[in-house]
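First comes the structure, then the notes that go with it.
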Amino acid sequence: MKKGDHLFLVDGSGYIFRAYHALPPLNRKSDGLPTSAVLGFCNMVWKLMQDARNTSVGIAPTHFAVIFDYSSKTFRSDLYPEYKANRSAPPEDLIPQFGLIRQATVAFNLPCIEMEGFEADDIIATYCRLACEAGGDTTIVSSDKDLMQLVGPTVRMYDPMKDRRISIPEVIEKWGVPPEKMIDLQALTGDSIDNVPGVPGIGPKTAAQLLEQFGDLDGLLARASEIKQDKRRESIIANADKARISRELVTLKNDVPLKEGLDDLILHAADGPKLIGFLKTMEFTTLTRRVAEATGTDIGDVQAAPVTIERADTAHGPDVGAGAPPAAAAAGDAAKPAQPPVRAEDTPPQGDTPSLLSALRLEKAAALKIDPSAYTAIRDAAALKAWIAEVNEAGILALEAETTSSDPMKAELIGLSMAVAPGRAVYLPLAHKNGNGDLLGGGLLADQVPVREALALLKPVLEDRAVLKIVQDMKYDIVVMSRHGIEVAPFDDTMLISYVLDAGTSGGHDLASLSEKWLGHAPASKKELAGSGKSAVGFDQVDIERATAYAGEQADLALRLWQLLKPRLAAKGLVSVYERLERPLVPVLARMEQRGISVDRQILSRLSGELAQGAARVEEEIYGIVGERINIGSPKQLGDILFGKMGLPGGSKTRTGQWSTSAQLLEDLAAEGHELPRKIVDWRQLTKLKSTYTDALPGFINPATNRVHTSYALAATTTGRLSSSDPNLQNIPVRTAEGRKIRTAFIAEKGHKLVSADYSQIELRVLAHVAEIPQLKQAFADGADIHAITASEMFNVPVAGMPSEVRRRAKAINFGIIYGISAFGLANQLSIPREEASAYIKRYFERFPGIRDYIEETKAYARENGFVETIFGRRIHYPEIRSSNPSIRAFNERASINARLQGTAADIIRRAMVHMEEALEKAKLSARMLLQVHDELIFETVEAEVEATIPVVRRVMENAPMPAVSMSVPLHVDARAADNWDEAH
DNA sequence: ACAGAAGCTTA
DNA sequence: GTAAGCTTCTGTT
């Protein structure tokens, strides 16, 4: 090897696992032999040999080798017996592929290198050193962090699956340290997969910071006492030995006694017939053809070459432990019948009745073929004007905003897709960029109508009362468009129509699910267009042609679904649910989300500090009792310590066979006098509050508005409730004093107050109304203590002077009814024997026979119809209510009992929200709704109007069922104002 | 990277 | 016993 030569080292073992998991399963057609990893490997090697210049590598190889692990037993196991000890056997269908990939390597005319007692990584390290000494360059084909220590001026890595080059800057970017410090970093962080211990509590971020500060691991260990953070310092001092042994484990050996020298790795031209013979045997038709073309071989001249297929018990692939089960299907076995093809065909839409099926067929016959290539892009103002004329003619317009973010408060508008009839869709690109953009908005692609001009042209149509806009998930588009000064109306929302028709049936209400369900068509996914996870790009980076096909289809599908679904609302008597409870709530919620709520950063930061201190203190106490520094956050480790090492009693197992460490169980142990469980419960509370709330919330403060904007989902629950996410503001702590402090951070603007108004016992009131229970109705009419009345009825004790325990039990039963009571659940809740719980329920039904009737009637109705209804007519489906499995059936029965109550309560507050804005406006009040938490509404209002606002809010909420339904039980709303949410609640 | 389990928060 | 969403850990990369 000489200067200018280039050595490629492929980490064969690493690639096998990655390819196996990343690629869809693939089986040889003739006999089902699994081959996805083999094909991935062959494609990758072929590509590297053909066009390394065209990939991120940029250089063609002169030397090439594929390196494999020989077995899991290496010198490291002697150093540290636990090393890689918890590796399990590879998946069954991967086992035969280890051998095949070695044979593929040989077929490619490439050296296939492995060495007993050493890992592939050590061999790679040794070749790296040799190549470097000879003056050559090296590319390691792998993305394994264990190899990053080898990166240097002449050595880089290449990730073939992401086409990404990893050299010194990329290592620094990813890990915060240069390659030569990777060993020390790994020694500190450890590796749970390989069982490298590291130092507990030190992750990559901390490790990088420490190495920056102290130079290297030895420096750090020598001067560990200087570390300021108590816990960190002690952990490092206590675990110095672990760090040193970890360093030995992760340091790659670069003096492996190799059989093949660098000259043995010189790359030879592919032997066409030999390679094609192998590929033919594997039945890789596309690759076979490509290789044949490139090598000038006639495929017909080549016979498929025999291959050897190893069974698990003979293969010496890495990590195939001695205890690995033999592969069930040694795939070449001729006696085995061919397995079914693995790439499953699209399943046809499911209908549950013959009439639905036939209706489906009719519609599908009527539906035009969906052809994304037929959509066009609007590239100038003249075309846009022509399109607008077409829209006015049609009177309907399906619409979707294409943006850069799923958060509508941050999303930049990139384009609009529009459709006026099935198959007649266009895409209007507005802000697609070429990737070379600068801060001044350069990089904008040519031939796009300027945003301002386009929106000015579109605004009249989008706001035209005579043009119905059809949108899938309108709330998102309302927020985005209103940020551009356009109030889109009127509209229909296909997601909400589906939700009203089909809440509770399987499948979501998103466009892709609806398209598959009703049109039998899987739309192009955004993932395919823009990638996913870290490598995702903004929609502005998608080229306009591909964006047109994708976006046009979205609008086309929304339009077709609307045509299909809208008539069904009337057919099923659900128009008023849609028009009164769903559609009008959309703009209301859009405004609430846009307003957001003010959150005090300083309060949260102070709380975070307090919680951190508290948690650290409890943590030390726990370590003191346990005697080692376990990860308290790991239920697995915790279970082992509590019930194994410390031998605490009881302990049930979860369904995965782990010890249960639930709060309930730990509380019980604490009650028996054990001190450790109490501390664990405390620790969990502190860390939960910190991670979920005080640490996370500041990250949701929108820099532009300085407020937190949650997102409400209208179609996420089965019962009609809303849900809140990003952040979820419907589960902010309230039960404990510690938790409630978080609510003090939710504050009113200066000169304003927060008003909180919540329904009292709304679900029990609904129960009293629908089940017509005289005693409960009377109690609510009298404004009495409902749980005390229940207890008094059941146990014949007077309300005055009632022991709190008696009332508590009655309260649990009342809640139990709402949840579709079971003796098992009640017994759990009250920590009493199941027989006793049964007796309570029996007694309850004797005193309130109307409730038993209500329950039985609900079950019978659900069984008969497959759904239940709220008093406003909302339908909630329970397709499994007739299941032959008793536990599934019972679950559906309980859920349906609950759904009538929870759903009715949800409908009531929806109606209140729909009526609220108009009532406030009429009363000339400036109060604004900010949040909804199922039975509570939170407003912000100027201080001077607080007193006038509360009665209006209360009136709207208490009268919300009217005039649709007149309830026989009064609703009661408590409301108060304060500077923060804690005091207002 | 991502999925699932466990655990915890709310009404 | 009902209805949700988020974080951490774990186990496959």
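Just so we're on the same page: letters track the sequence lines, and every chain starts at 1.
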Quickly work out the Asp159(A) CG to dA1(B) P distance and round it to whole Å. 10 Å
Spacing of Gln932(A) atom CD relative to dT10(B) atom P, expressed in whole Å: 17 Å
Side chain to side chain, Thr692(A) and Ile732(A), heavy atoms closer than 4.5 Å: no
Protein-nucleotide distance (Tyr759(A), atom OH; dA11(B), atom C1'), rounded to Å: 14 Å
Go along nucleotides 2-8 of chain C 5' to 3' and tag each nucleotide: B for a protein heavy atom under 4.0 Å from its base, S when only backbone or sugar atoms are that close, - otherwise. BBSBBSS
Assign Gln658(A) to base, sugar-phosphate, or nothing according to its heavy-atom contacts below 4.0 angstrom with the strands shown. nothing
Between C1' of dC8(B) and CG of Asp682(A), the distance in whole Å: 14 Å
In this structure, how many angstroms lie between the P atom of dA1(B) and the CG atom of Asp144(A), rounded? 13 Å
Taking side chain as C-beta onward, heavy atoms only, is Arg875(A) less than 4.5 Å from His877(A)? yes
Please evaluate residues Ser896(A) and Thr858(A) with respect to the criterion side chain to side chain donor-acceptor pair (under 3.5 Å), reporting the C-alpha separation (whole Å), side-chain torsions for both, the decisive distance (0.1 Å), and the verdict. CA-CA 7 Å; Ser896(A) 60; Thr858(A) 303; over 6 Å; no
Does Ser634(A) make a side-chain N or O approach to OP1 or OP2 of dT10(C) shorter than 4.0 Å? yes
May I have all residue pairs that pass salt bridge (Lys or Arg N to Asp or Glu O under 4.0 Å) and include part of residues 812-839 of chain A, sequence neighbours excluded? Arg809(A)-Glu836(A)
Report which part of the nucleic acid Ala812(A) touches: base, sugar-phosphate, or nothing (heavy-atom distance under 4.0 Å, all strands). base
Quick one, Leu666(A) and Arg678(A) - any side-chain contact, counting heavy atoms below 4.5 Å? no
Provide, to the nearest angstrom, the distance between the NZ atom belonging to Lys636(A) and the C1' atom belonging to dG4(B). 15 Å
Minimum-distance nucleotide (side-chain atoms of Ser662(A) versus dA11(B), dG7(B), dG1(C)): dG7(B)
Contact class for Ala663(A) (heavy atom, under 4.0 Å): base, sugar-phosphate, or nothing? sugar-phosphate
Below 4.0 angstrom from OP1 or OP2 of dG7(B), is there any side-chain N or O of Gln685(A)? no
Check step by step if ring pair (Phe, Tyr, Trp, His ring centres under 6.0 Å) holds for Tyr844(A) and Tyr840(A). CA-CA 6 Å; Tyr844(A) 185 91; Tyr840(A) 280 0; over 10 Å; no
Angle between ring planes, Phe41(A) versus Phe68(A), binned at 30° and 60°: parallel, tilted or perpendicular? tilted
Nearest whole angstrom, please: distance from the C1' of dT10(C) to the CD of Gln637(A). 11 Å
Just checking Ile732(A): base, sugar-phosphate only, or nothing, at a heavy-atom cut-off of under 4.0 Å? sugar-phosphate
